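One structure is given below, encoded as structure tokens.
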Amino acid sequence: MKYFRLNNGSKVPAIGFGTFKITEEADMELAIGKAVEEGYRYFDTAKYYENEKILGKYLKETGLKREEYQVATKVWPSSFDTDDCKRSLDESLEDLDLGYIDFALLHWYGKDFDKAWEVFRDYRDQGLVKAIGVCNFSIDQMTELINLGEKPVLDQLESHLYLQDYKTVEFLKENGILHQAWGPLSQGKSNLLDEKILKEIGDKYGKSPAQIALKWNIDRGTMVLVKSSNEGRIKENISIFDFDLSQEDMNALASLDRKERFSNDPENKEWLDKIRRG
């Protein structure tokens, strides 16, 4: 496993396991059991996912010591008001029932994000949360946050070969903030894995197109989050640390950039206002 060092001195694995849309107990039990068996030690959830209780349950059943894995959860923008944010975090702590949260993240930019950020800092100072970060913050939004006086440890963004977003990636690097990628295979909403160049490079290393797409993000310094309930894919996704892409490969893969997003735009004010209202 490769690790990335955060600006608070701690470290995270280069790959984490996402749990979005895993809401059935049987699916969570299988997914977490297989993920832990294959070596995943970072697990991503959110209040919005409505699965914190079953995630915590099956993490406790793995037999791992609490310090051997990390859990991230998120607060939805409709809960950014001070009291609502405290309630959201308290409920997440209760539902996960793991003693503490490793990463508390603002799920999107939104009104009163500064109030929620202050709550995050308070919970971290109490030891209830170990580190604080954000998701889906653009450069302008991140600049607003940094101006509050403290940088987040990471920014979780949609990031894949069709959306390489070098400007944001470089901004985060310059500010010592980890770039974390969700949807690194474009969420199955494109023909990304059918790209000829992915197969050609994969054949050279004995890897699948998906493994090449994931390793591209990691080799440029980005942590990736993957999600699957399929045992074979859970294993395949993490089996990418026995090779490194050459600079020639990285240059070839850069040619796939379409600046194409398959989710909502972080700067879409209509969308942000809608999720703020819940």
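All values reported here derive from a predicted model rather than from experimental measurement. This chain uses plain numbering: 1 for the first residue, then up along the sequence.
The distance between the ring centers of Phe243 and Tyr205 falls below 6.0 angstrom.
Listed by chain and residue number, nothing satisfies the salt bridge (charged side-chain N to carboxylate O under 4.0 Å, His left out) test with Lys151 (two or more places apart in sequence, or in another chain). Every residue two or more places apart in sequence or in another chain was checked for a side chain to side chain donor-acceptor pair (under 3.5 Å) with Asn7, and none qualifies. Take Asp155 and apply the salt bridge (charged side-chain N to carboxylate O under 4.0 Å, His left out) test, not counting sequence neighbours, and it matches no residue. Among residues two or more places apart in sequence or in another chain, the salt bridge (charged side-chain N to carboxylate O under 4.0 Å, His left out) test is passed with Arg233 by none. With sequence neighbours left out, Phe4 forms a ring pair (Phe, Tyr, Trp, His ring centres under 6.0 Å) with no residue at all. Shown here are the side chain to side chain donor-acceptor pair (under 3.5 Å) partners of Lys115, two or more places apart in sequence or in another chain: there are none. For Asp244, the salt bridge (charged side-chain N to carboxylate O under 4.0 Å, His left out) partners are Lys215, not counting sequence neighbours. Every side chain to side chain donor-acceptor pair (under 3.5 Å) that Asn8 has, sequence neighbours left out, goes to Ser10. Asp257 pairs by the side chain to side chain donor-acceptor pair (under 3.5 Å) definition with nothing, not counting sequence neighbours.
Applying the salt bridge (charged side-chain N to carboxylate O under 4.0 Å, His left out) test to residues at least two apart or on different chains, the pairs with a partner in residues 268-278 are Asp273-Arg276, Asp273-Arg277. Among residues at least two apart or in separate chains, salt bridge (charged side-chain N to carboxylate O under 4.0 Å, His left out) pairs with a member in residues 96-106 are Lys60-Asp97, Arg66-Asp102. For the salt bridge (charged side-chain N to carboxylate O under 4.0 Å, His left out) condition, the pairs that include at least one residue of residues 3-28, sequence neighbours left out, are Glu25-Lys57.
No option in Trp117, Trp108, Tyr109, Phe171 other than Tyr109 meets the ring-ring contact (aromatic ring centres under 6.0 Å, His included) test with Phe137.
A salt bridge links Arg124 with Glu150: the closest approach of a Lys/Arg side-chain nitrogen to an acidic carboxylate oxygen falls below 4.0 angstrom. A salt bridge does not link Asp165 with Lys259: every distance from a Lys NZ or Arg NE/NH1/NH2 to an Asp or Glu carboxylate oxygen is 4.0 Å or more.
For the pair Arg220 and Tyr166, the cation-pi test (distance below 6.0 Å, angle within 45°) is passed.
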